[in-house]
Amino acid sequence: MKSIQQIQNEIIDEFNFFQDWSEKYQYLIDLGKTLPAFDSDNRIDSNLIKGCQSKVWLNSSFNNNIIIFEADSDAIISKGIISLLIRVFSGHKPEDIIESNIDFIEKIGLNSHLSQTRANGLLSMVKQIKIYALAYQSKK
Amino acid sequence: MKSIQQIQNEIIDEFNFFQDWSEKYQYLIDLGKTLPAFDSDNRIDSNLIKGCQSKVWLNSSFNNNIIIFEADSDAIISKGIISLLIRVFSGHKPEDIIESNIDFIEKIGLNSHLSQTRANGLLSMVKQIKIYALAYQSKK
Amino acid sequence: MLDVYKIREDFPILSKKINNTDLIYFDNAATSQTPNQVIDVISDYYKNSNSNIHRGLHSLSADATDKYENARAIVKNHFGISNSFEVIFTSGTTHGINIISSGLEKELSSKDELIISEMEHHSNIVPWQMLCDKTGSKLKIIPMNSDGTLNIDKYKLLLTPNVKFVFVNHVSNTLGTINPIKEIIDLAHLNNSKVLIDGAQSAAHFKINLSELDVDFYVASAHKLCGPTGVGFLYGKSELLDSLPPYQGGGEMISNVTFKQTEYAELPHKFEAGTPNIAGVIGFGAALEYMNSIGFDNIEAYEKSLLDYATEKLKKIDGIKIYGDINEKISVISFNIKDYHPSDIGSILDQFGIAVRTGQHCTQPIMDHFNIPGTVRASFSFYNTKSEIDLFTDAVEKATSMLG
Amino acid sequence: MLDVYKIREDFPILSKKINNTDLIYFDNAATSQTPNQVIDVISDYYKNSNSNIHRGLHSLSADATDKYENARAIVKNHFGISNSFEVIFTSGTTHGINIISSGLEKELSSKDELIISEMEHHSNIVPWQMLCDKTGSKLKIIPMNSDGTLNIDKYKLLLTPNVKFVFVNHVSNTLGTINPIKEIIDLAHLNNSKVLIDGAQSAAHFKINLSELDVDFYVASAHKLCGPTGVGFLYGKSELLDSLPPYQGGGEMISNVTFKQTEYAELPHKFEAGTPNIAGVIGFGAALEYMNSIGFDNIEAYEKSLLDYATEKLKKIDGIKIYGDINEKISVISFNIKDYHPSDIGSILDQFGIAVRTGQHCTQPIMDHFNIPGTVRASFSFYNTKSEIDLFTDAVEKATSMLG
Ligand SMILES: Cc1ncc(COP(=O)(O)O)c(C=O)c1O
Ligand SMILES: Cc1ncc(COP(=O)(O)O)c(C=O)c1O
């Protein structure tokens with residue numbers, strides 16, 4: 001299993017291939033389209049991440065000391081971004097997630113999505129993922 | 001009897017003699033000292049002019065279509081200024097007071113006392129004098 | 001008409017680059033941009049006049065006070081208000097509305113009713129909900145027609161004898177609809193109801209005479225009028241303002257304080273507790289003077305031409321739906337394309353340097369009405385150009401094909 | 001120590017002429033002057049970042065939001081606050097106090113008691129009087145000793161079990177007295193009372209760590225801290241802020257609005273309804289950074305030397321009476337000479353270009369205590385000089401002989 005940092009580096013490498021922002025966005029859109037949608041059972045308020053302009057639902061399960069994340073959104077670019085987040089975080093141990101330093105978003109040039117703006121909420125997503133990790137760790 | 005404008009012009013002429021502000025202020029202070037103080041009967045709240053940092057009391061009486069003003073203050077420069085106002089306004093007909101255009105304050109260089117600052121209240125004094133004039137006129 | 005390229009030179013931000021392209025600022029309904037004439041007045045205040053006002057008798061304080069009160073006179077004259085003391089400076093529209101809503105607490109009881117509309121900004125909904133929670137009064141809603149206009153026939157039916165107040169925005173920030181407020185006010189007055197008009201979106205786009213409107217209360221924000229942030233005003237008829245309790249306690253709003261009893265100062269000071277936003281108020285005055293130097297007739301005509309041009313071009317885009325596509329509106333266009341999420345379109349437009357707003361625009365009931373998560377909202381000001389609109393509609397088409 | 005002549009170059013207003021002489025600005029307790037570093041940040045905001053915050057996803061809005069939230073972080077760090085969301089931006093001290101006073105309305109009843117002191121600013125008196133009027137709670141007053149300190153023994157006696165809250169200023173704006181707030185807070189906490197500290201006059205003069213003080217609420221104004229007008233902050237422990245109802249209804253302070261029900265947003269947004277003073281908040285952050293670049297230790301030591309110098313010189317003037325001539329005070333001197341009215345002295349000093357404040361300084365109870373109509377108040381800041389003090393004391397002597 002690759003480490004969180006290794007996966008981030010992979011993503012950064014992939015994005016380095018793109019010539020301009022429109023290729024990056026097209027890639028995110030395509031990722032968003034391929035990420036399977038939640039069944040409506042999981043599109044519930046308790047899974048909703050606060051502080052996103054688009055709705056983002058995040059679901060997680062914990063088995064064998066490993067967290068599996070699933071997510072969905074009603075906006076396609078958000079879906080693309082969360083599919084990257086899932087790729088980075090899902091399948092890792094709580095402690096690795098907690099300690100991870102997420103820099104790929106900035107490095108692939110999505111920092112405008114990283115602002116303090118509550119509407120964007122990319123920060124909220126990362127925060128929520130870490131909160132899950134903390135919760136699972138303390139349950140152990 | 002001199003007109004309000006004539007008296008203002010006299011005052012402006014007098015002040016033209018002064019070399020600098022300190023002479024003007026000394027004159028005002030001396031005027032303030034010579035203006036007779038109210039007896040405490042007249043130092044009452046209903047005679048108080050709102051909007052002055054120092055207390056200013058204004059009293060008026062109306063006889064033979066002529067208004068007599070008396071005034072007092074707990075600050076000496078204010079007293080000097082109101083003694084000028086009394087000199088200008090007292091003894092005139094309500095209509096002359098209402099229509100008068102008070103420019104001497106500016107012309108003798110006291111305009112810093114003329115600001116909108118409620119604390120200064122020179123404007124409040126002139127306003128109050130005109131309000132009395134209006135009241136007496138409507139009583140006729 | 002106006003010389004837009006000359007005007008643009010007054011606005012330093014308009015020559016900014018975003019994502020390596022020229023900024024196109026179409027988020028004017030959220031906040032307008034600020035001309036040098038206003039920025040300089042603010043700087044100049046701090047460089048030459050900065051001082052606390054009203055209470056001081058030194059020259060600096062007198063100067064600052066005069067400038068501050070001069071701004072009050074500018075607001076009074078611009079809005080056709082009879083008395084300066086009927087102009088209360090606030091920190092913005094929201095603050096103005098809350099002065100009234102908290103002031104009405106004692107006046108209302110459970111048998112009273114209040115009317116708002118379905119197309120209000122949250123700032124003109126939540127305070128009345130909070131007030132109704134406290135007083136037990138009932139909140140009634142003027143419904144919106146599907147074209148984004150208010151249903152005035154329903155309004156007439158809602159105007160029953162128990163209705164004490166009507167709170168309506170002059171112009172909808174989401175749809176741009178200009179509501180028939182003269183009719184709304186006159187009908188309310190026939191019913192002995194008082195009216196507050198939320199002018200946050202109207203004040204910037206055409207000239208308004210509050211005396212002629214005979215409105216009871218009116219609120220607006222400077223930051224939507226080429227002015228600074230953190231300032232706005234509340235107008236109220238003096239007899240109504242006099243009858244309200246003060247909103248905040250503090251310096252300046254009282255005339256006498258002892259531990260036994262405190263007397264409140266006269267209008268407008270009664271509602272201006274504490275050191276106000278002095279630089280902001282002076283900047284607000286400068287902003288109104290600036291806009292008047294361009295001329296509100298010119299602004300209105302020019303913005304109408306931008307609106308017509310943009311509407312026509314947008315309508316050609318496949319799958320577009322414009323909300324509130326009517327005649328009586330200001331230069332705001334809210335739309336969606338197919339089932340794309342507005343934030344997807346907004347994010348892509350941002351890459352083109354184009355600033356539009358996406359989401360609910362603090363008008364969730366409008367979104368619920370149309371059953372949508374939000375809209376893309378482009379709002380134009382007198383410093384925008386037709387060529388910016390060309391670039392914008394091109395970018396929208398590109399976004400659509402990326403998402404498609 | 002600090003290089004005052006270098007510092008003065010940062011403040012354009014300090015080279016202004018008043019009545020043909022150099023301005024000497026000794027009215028710092030009313031409002032402080034603004035350095036270029038702050039003026040430029042404000043201009044730069046309007047030239048490069050102006051946009052409504054939090055709700056937009058375009059780059060300009062993201063930029064403005066980041067700058068605004070960065071200012072919150074600066075305030076948090078400077079005042080030793082644990083969490084950013086415990087910093088609520090307000091329009092000033094008065095606004096902050098009123099958020100709390102209106103929030104406590106539901107919590108208090110006629111058996112509760114509140115404590116303030118005899119040396120409070122009206123902003124920290126009137127809101128509590130208004131609150132007591134509404135709730136029937138009782139307001140108790142810590143008396144002042146004739147040297148201008150608080151009578152702490154009496155305070156201990158007042159701290160009975162029914163006392164829910166204590167509201168005291170850290171530093172008196174009229175006398176300069178630094179109150180022993182750590183002791184006041186600790187005593188209150190032992191009694192299960194909560195404490196709000198009015199920091200309007202303390203924040204500018206020494207560094208304060210709110211966590212160490214363990215204070216429950218703290219308020220201050222930017223305009224007394226080299227910052228812009230119309231902005232300040234309220235700190236509150238999050239569990240206390242969470243338990244308060246929102247102050248104003250509007251955009252940004254809600255997370256969900258329907259006509260049935262409205263949910264309030266989390267801290268700090270719950271208390272920041274409407275478009276805030278964005279430029280002001282960013283300027284406030286810049287002001288704190290500026291003052292920290294000079295260093296609060298340096299400021300404190302330097303201002304102390306100005307105070308000592310001026311006190312010594314003033315004491316030589318025949319017939320002078322200084323109110324609150326004690327050791328634990330900031331650089332504020334309130335005085336009268338013989339029975340001259342303070343406004344007479346103030347008017348004459350103004351002719352010398354010297355700005356002092358005269359009057360009651362929004363502390364009428366202090367005036368009643370000393371049975372005087374007001375005082376002349378000279379208040380010094382780190383950009384004032386000893387030679388200004390020389391000119392000032394000369395001018396006071398001249399005023400005295402003119403009036404004598
Ligand atoms: C001790 C004290 N409290 C409160 C205030 C009120 O501050 P603001 O006018 O900025 O709201 C002041 C300012 O004069 C003050 O000195
Ligand atoms: C119609 C309307 N009302 C009220 C407001 C609130 O204005 P502010 O945020 O300046 O208080 C707005 C601003 O978005 C608005 O558009």
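All chains are named by letter (A, B, ...) in the order of the sequence lines, taking the proteins before the strands, and each is independently numbered beginning at 1.
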Notebook entry, point to check: Would T174(C) and S334(C) count as having a side-chain donor-acceptor pair, cut-off 3.5 Å?
Noted result: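 No, no side-chain donor-acceptor pair sits under 3.5 Å.
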Next item on the list: Would you please say whether a donor-acceptor pair under 3.5 Å links the side chains of T177(C) and S172(C)?
Entry: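 Result is no, nothing qualifies.
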Notebook entry, point to check: What is the ring orientation for F11(C) with Y383(C), classed by angle as parallel under 30°, tilted 30 to 60°, or perpendicular over 60°?
Noted result: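 Aromatic pair F11(C)/Y383(C) classed tilted.
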Item checked: Residues that D30(A) engages under side chain to side chain contact (heavy atoms under 4.5 Å, CB included), provided they are two or more places apart ->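 Side chain to side chain contact (heavy atoms under 4.5 Å, CB included) list for D30(A), sorted by chain: Q26(A).
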Notebook entry, point to check: Is there any salt bridge (charged side-chain N to carboxylate O under 4.0 Å, His left out) pair reaching into residues 11-24 of chain A, and which pairs are they, with sequence neighbours excluded?
Noted result: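 Salt bridge (charged side-chain N to carboxylate O under 4.0 Å, His left out) check on residues 11-24 of chain A returns E14(A)-R87(A).
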Next item on the list: Answer with side chain, backbone, both or neither: which region of I76(A) has an atom nearer than 4.5 Å to a non-hydrogen atom of chain C?
Entry: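 I76(A) touches chain C through backbone and side-chain heavy atoms alike.
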Next item on the list: Would you please go through residues 392-404 of chain C and name the residues with a non-hydrogen atom below 4.5 Å from one of chain A, in numerical order?
Entry: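 Within residues 392-404 of chain C, the residues that come under 4.5 Å of chain A (heavy atoms only) are M402(C), L403(C), G404(C).
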Review item, side-chain donor-acceptor pairs of residues 89-99 of chain A, under 3.5 Å, at least two apart:
| unit_1 | atom_1 | unit_2 | atom_2 | d |
| --- | --- | --- | --- | --- |
| S90(A) | OG | F69(A) | N | 2.9 |
| H92(A) | NE2 | V88(A) | O | 3.3 |
| E95(A) | OE1 | K140(A) | NZ | 3.4 |

